[in-house]
Amino acid sequence: MGNTLSLVSLALSDFLSTLDTYRALKHKVSLSPGLPRPNPTLSFWAFPPSPIARHISELPVYADYVVIGSGITGTSFAQSLLRRISAAGGEGAGVKVVMLEARDACSGATGRNGGHISPPLYQDYPALLKAHGPHAAQRLIRFRLAHLHALRAAAAAVPGLLAASQWREVETVDAFYDRGVFEKAVGKLQQWSADMPTEAAGHRVWHGLEAAERFGLADDVVGCISSTAGAIHPYRFVTGILADLLARYPDDFHLLTHTPCTSIAAPSDSTSFYTVTTPRGQILTPHIIHATNGWASHLLAPLRAKIVPFRGNMTAQRPGRGLTASAPQISTSVTQLTASVPHEPALSVESPVLASTPHPLQFVPGSRSFIFYTSPVGYDYLTQLPASGDHGAFATDGEMMLGGGFATDGEDGMANVDDGACSQRIGAHLGGALPRYFGAQRWGAEGSPRGESAGSVGASCGEGLLADSNVPAPTARADQGEGEIGHGDEDTQPEWYEGRVKAAWSGVLGISADMLPWVGRLPPRVSGRAEPRVSESGRTDSRVSGARAASSVGGSPSSETSRASFSQKTRKTLSRQKQEQEPSPENARPLPQPAVPGEWIAAGYSGEGMVHAWLSGTALAGMVSGVAEAEDGMFPCEVLSVTEKRWKRAKAEDLLDLFRN
């Protein structure tokens, strides 16, 4: 009886502890994430800094569009919007786009991720099929797949950016060290292949030693599933496009870094537009685009517990000497890449090539990415940078970019927005994982720094990785001026760690309560604010441009409400600014009719931003501008749009249950 009572007592204690944790988490996810931390950990991607890292344009009093966030979503939106409007009405067409960023340009999740363009396909298909039906599930899968070459096209459109961003097609390998997880994955692959045979044609299953030999993994790998994906240098990609926008549209595109949006006021009796407040002043605008992902609910209170911030952890590691044999350079040519690695005929264990070269094509730096599964919960992800063969400012030396370890951190990452520190537990896990995945013998002796500056900031990998809130990892200095950090000066090189782990940093993801992004117009109930008033026709041309503001500064000339809503002081200020900066209406081409004013969002990528964000941003630009493009048709609006019904159904409890299970 005593033993029985003890067991009951232990079970009850465990239940109450779990219940308390659950309640604490539920409260935690309902809180505002606040503004981004001023001193984040230093991402390996962000060195050398872009010339526009701390760019601060002049703050106008009025903007046709205010974009909050300078990551991949905001950049995609701004580029697509300006391109569409320019094509319809001339270069820039007189619109004003203001992009606000709380810290350096691209200092959020985009500049802190793993560099993968590797969409979850077969992994998600059964759940998507069950929840949304075959048509919507397959459209979402194709939307994810389209990002590989959409990102290439975007990089290729900017001179020199395709090479600088290191876009490349890679062979991606899902490596399984748990038989049950592997068998379940194979079953999902079979189901997806039956429904989408064309898209699944490049996937192949490898078993046991065949997989170990083919991919140079530890001998106890159970199996692998290989296919084609992509990789990119996310920071260079985004900052390269932002620099191009500043040069291409000097009068129309305004980037203000270190200028957070601190509040948004709804239209009122004194103005028919939103009032966006920043430390540098206020801006009036009819359109606000929220591109802040994990921080979105700071300005959108109704989205708290719908889009939940989550702190992820990343490392850059030196490969073991057993992995660093010389290899050819990686090309950005799709044709060459397709012929070289991802689609080559599979080699069997008995192949004479294998006999003479134990691990063929194993470590051509930059040619492969991996997802490692060791248990039913969580995974780690790895991509390797190309070896550039030099040591200039943009050199890479085959660094292995490893992130993950979500299961290791328990619930600590949930609603954690402190990217000024790294998780101690995840750091310990990531620091020791790679020799285990590849096998100690294949990993070989530890790689050593070559031509690097290494010193007092963490003399070993342990010091750098085992950082928690009390022992922060290296951070970007908040007091550096634009001249110090904004021009890629090699004299500012950070002191990377000397051991296996070269750098460690964290970043804040945005996890959606229903695990799908939120893209589109925000209904007033979801934004928490009233929308600007419109004319009786139900539409108003809200652009304050020379082409369409001949009779009124405040919106459509036909809108009596808009004309009457501005104070006399504001009207005079905007009129003076227009006379100085805008083209005359006689010389301007007609602009397309934009959407009704309001707030818009693309966020909640749940760790898969590189295969959702870019085309979500371009689709949003189509919705806002009223200018359609062919690629807009692939956007799966039936599952990603923001509606009150979806907002009501998305429950934090479901998300918490998912992470607990």
Side-chain angles (χ1 to χ4, degrees), residues 114-116 118 168-179 181-182 185 202-231 315-330 337 340-374 379-387 396-404 430-448 500-501:
H116 291 255
S118 182
R168 57 202 182 277
E169 194 170 309
V170 300
E171 185 178 34
T172 186
V173 181
D174 293 345
F176 298 87
Y177 297 81
D178 179 283
R179 184 162 301 280
V181 177
F182 177 57
H203 285 65
R204 173 161 179 180
V205 177
W206 307 77
H207 296 270
L209 289 178
E210 179 188 34
E213 292 293 338
R214 165 69 183 181
F215 303 113
L217 298 170
D219 291 341
D220 64 345
V221 65
V222 174
C224 294
I225 297 175
S226 65
S227 60
T228 302
T315 62
Q317 303 191 30
R318 298 178 179 88
R321 296 185 188 182
L323 313 185
T324 54
S326 60
Q329 299 299 306
I330 296 301
L337 282 164
S340 63
V341 175
H343 302 299
E344 65 154 5
L347 296 172
S348 68
V349 180
E350 294 78 23
S351 166
V353 178
L354 276 173
S356 59
T357 308
H359 318 303
L361 297 176
Q362 185 175 320
F363 296 109
V364 179
S367 68
R368 282 207 179 113
S369 64
F370 292 86
I371 307 291
F372 300 108
Y373 298 90
T374 59
Y379 56 85
D380 296 334
Y381 47 92
L382 170 73
T383 192
Q384 188 178 18
L385 298 184
T396 53
D397 200 23
E399 289 88 355
M400 308 191 85
M401 313 297 282
L402 179 69
L430 295 177
L434 287 178
R436 176 65 189 84
Y437 291 141
F438 291 103
Q441 185 173 1
R442 284 180 171 135
W443 179 263
E446 295 297 337
S448 57
R500 178 191 303 161
V501 177

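The first residue of the sequence shown is numbered 1, and numbering continues consecutively from there. Bear in mind that the values here come from a model prediction, so they are computed numbers and not experimental data.
Scanning both residues, A218 and R436, for their nearest heavy atoms gives CB-O, 3.5 Å. The shortest non-hydrogen separation linking A316 to M401 is CB-SD, 3.7 Å. Shown here for F176 and C224, the closest heavy-atom pair between the two residues is CD1-CA, 4.4 Å. Nearest heavy-atom pair across Q384 and G398 is NE2-O, 2.9 Å. Between D178 and T374, the shortest heavy-atom contact is CB-O, 3.7 Å. The two residues R168 and P386 make their nearest non-hydrogen contact at CZ-CD, 3.7 Å.
Atom CZ of R368 is separated from atom OG1 of T383 by 12.0 Å, given to the nearest 0.5 angstrom. Remark: L209 CG to D219 CG distance equals 6.0 Å, nearest 0.5 Å. For the atom pair S367 OG and E169 CD, the distance stands at 11.5 Å (nearest 0.5 Å).
Residues V221 and F215 have side chains not in contact (no heavy-atom distance under 4.5 Å, counting atoms from C-beta outward). By the 4.5 Å heavy-atom criterion applied to side chains, Q317 and V501 are counted as neighbours. Counting heavy atoms from C-beta outward, F182 and D174 have side chains that stay 4.5 Å or more apart. Annotation: side chain of Y379 is not in contact with side chain of V181 (no heavy-atom distance under 4.5 Å). The shortest distance between side-chain heavy atoms of L434 and L382 falls below 4.5 Å. Side-chain contact between T315 and R500: absent, with no pair of heavy atoms (C-beta onward) separated by less than 4.5 Å.
Residue E446 places its CD atom among more than 12 non-hydrogen atoms of other residues, nucleotides or ligands, all under 6.0 Å distant.
Not a single donor-acceptor pair under 3.5 Å links the side chain of E210 to the backbone N or O of G208.
Taking the ring-ring contact (aromatic ring centres under 6.0 Å, His included) definition, one finds that Y381 meets it with H116, sequence neighbours left out. Every residue two or more places apart in sequence or in another chain that forms a ring-ring contact (aromatic ring centres under 6.0 Å, His included) with Y437 is listed here: Y177, F372.
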